[in-house]
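In what follows, a structure is listed as structure tokens, so that the remarks can point back to it.
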Amino acid sequence: MANGDQHRSKCCFLEWMKLQERDLSELLQALTLTPQNDAELTKLAQKGVEHFESYISQRSTLSKNDVAAFFSPAWCTAWENSLLWIAGCRPSAYIRLIYALSGADVELRLADFLRGGAASGGDNLGGLSTGQVRAVDELQRRTIREEDRLTTRVAGLQEDVADEPITAIVKGVEQIGELSGEIERALDEHEKAMAVALEDADKLRLNTVKEIFGILTPVQGVDFLAMSKKLHLCVHEWGKKRDQRHGRENC
Amino acid sequence: MAGICCGVVREGETSASMEPSSRTLKRRKVELLTYKFIADVAVPPAVECSRKRQKLELYASTAASSTRECCKNGVQSSEAKSKDESEGSHACEALRSSRPVNLRENSASTELVENKILRLENPRFGVTSVCGRRRDMEDAVSVHPCFSQEEGSVSKGCHFFGVFDGHGCSHVAMKCRDRLHEIVKEELESDRLAPAQWKEKMERSFTRMDEEVQESNGSDRIISNCRCELQTPRCDAVGSTAVVAVLTPEKIVVSNCGDSRAVLCRNGVAIPLSSDHKPDRPDELVRIEAAGGRVIYWDGARVLGMLAMSRAIGDNYLKPYVIPEPEVTVTDRTDDDECLILASDGLWDVVSNDTACGVARMCLRAQNPPSPPRSPGSSGEVRNDAAFESSDKACSDASILLTKLALARHSTDNVSVVVVDLRRERQQQ
């Protein structure tokens, strides 16, 4: 039942957003504690990854029935959907977030550093160490390569619609939009391939996040996780406001 | 043809462009007065070539196998050649032991020339090259300490540093990274009796580099994942900047083509050793128009409305308006010299020469004496930092810090930074 799929998929997303909200307040709370407990922070980051993992596996199951809904989800706002890359965020955007976070108070520290206030060299300016900058750069290049590979694959799938076997069926169709066993099979086949692309994109997102936690210190990792959740929640809410402004009803 | 700026750049003197009128004459005068050949200066026999650390450095930073390979080859060739010379054994020793040899104990490496103690130091440098906010990596960096070991050649004991910022695709920048130091080496070694005519030799090297790039278009596949796949006419619209510093015991020879930049930090003052080749630089504008080209303002000044720099290696489609001819500056090294910074415009677009200079010298100073291992609390960030020894770590810190600053200031380009420590050995102790 199509309606049932839609409902389940929407619930999956809304629950994920609620969970992110709860996780966010926990993460922000942990960041205010002094002294920082690395073991606790690592556990929190780990929990965040696990939550993401279970969301991904849920939607992987759901997408087996109705993958198209995930590429342009009705439960997201128009603005959010305009930002989607294979039904989610671009993993390369995580790296941009790291750069933005690590550069946040650099000007303040720079003035200090140039006055000679910082005695121990390079690491006093900006959050990332030498090894981290290199590791992040290496991860970025790899992530972009993988992203481009998947983009090309999806482009191929989109082009496939204008090719055999679908076009041959279109040629033989007498009434526009009429369905047949043949066309159903062709479309199912196509959706299956799209679902695999979605699964692979989600894997890339998950692996990128995992690698980021391997590079960042526990406190940086929790900061990153908190910011990414806050950003996602904000994008969703801002999207709703913009939808309203344009006369679209909220989902 | 525009005149070539070739004089000794003195403190406080910027390499700003001159008035176009009677420019060539003025330049020639400058050249005659200040250009000093150094071939008559004896080249100290022993060369310190300890660079295990640098190899690691390159390995970690450029992530380009060919650069690693070149660096390795450099080590091997210097070892092989120095075997024949008794003095050369010092170099071999230094190569094998990972700790630097104390130069003061090594009398063979110092020699009194013109009341000045000359010595060939280990080059201490740091390299950082990141993709940053771009999706394509088109920058390339090449560092070759002791890149020539030819006896009697002016280049013996010199070090090569280059930053190449590609446009259109990355293959021209890569080719420059892989080949330019070899071409420069050949040029410097080719004519050992002639005085060190840096300007001509560097010009010829850049011309040859450009020719090689043209030849390789469509023929050999340099890199498999090349975006343009070396298909004409697309690869005709590919090029690269090149800023190259050849460091001798007493001179800094900077050759520049394009809008990457070399800046010397001397006693806290930033002295640019190159002048960016922008299409709206008055003398470059005159040169382009004299060649029949036009500079059109289309998202900034661009040659024929396309390329936002007036000189580059490659870019066949814009010849003869865009030329591969470098401007060469020869600068005497002084005891006040602190460091040399080579970087792509990913840095210079958002960080001024003065700020870059300030950051780099603070890093070098902070490392003197070497600081204890960083941030005791954070266990997660050990990684490969520990592998760098302290003197190189200072340069590495400086290059990383400048890169981080560029990223923090929202540089939208690839960022490549090379920092070379120029402080004399005795000042550091």
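Order of the sequence lines fixes the chain letters, A, B, ..., with proteins taken first and strands second; residue numbering starts at 1 for each chain.
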Q: Check the pair A:Arg134, B:Val130 against side chain to side chain contact (heavy atoms under 4.5 Å, CB included), reporting the backbone distance first and the verdict last.
A: CA-CA 8 Å; A:Arg134 296 201 164 126; B:Val130 301; over 6 Å; no
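Rounded to the nearest 0.5 angstrom, A:Arg90 CZ and B:Arg135 CZ are separated by 4.5 Å. Rounding to the nearest 0.5 Å places SG of B:Cys131 at 5.0 Å from CD1 of A:Ile144. Atoms CG and CG, from A:Asp148 and B:Asp136 in turn, are 8.0 Å apart once rounded to the nearest 0.5 Å. One distance of note links CZ of B:Arg133 with CD of A:Gln140; it measures 9.5 Å at 0.5 Å rounding. For the atom pair CG (A:Leu114) and OG1 (B:Thr355), the distance works out to 7.0 Å, reported to the nearest 0.5 Å. One distance of note links CG of A:Asp137 with CG of B:Asn414; it measures 9.0 Å at 0.5 Å rounding.
Comparing B:Met137, B:Arg361, B:His410 by heavy-atom pairs within less than 4.5 Å of chain A, the highest count is held by B:Met137.
The two residues A:Phe113 and B:Val359 make their nearest non-hydrogen contact at CE2-O, 3.8 Å.
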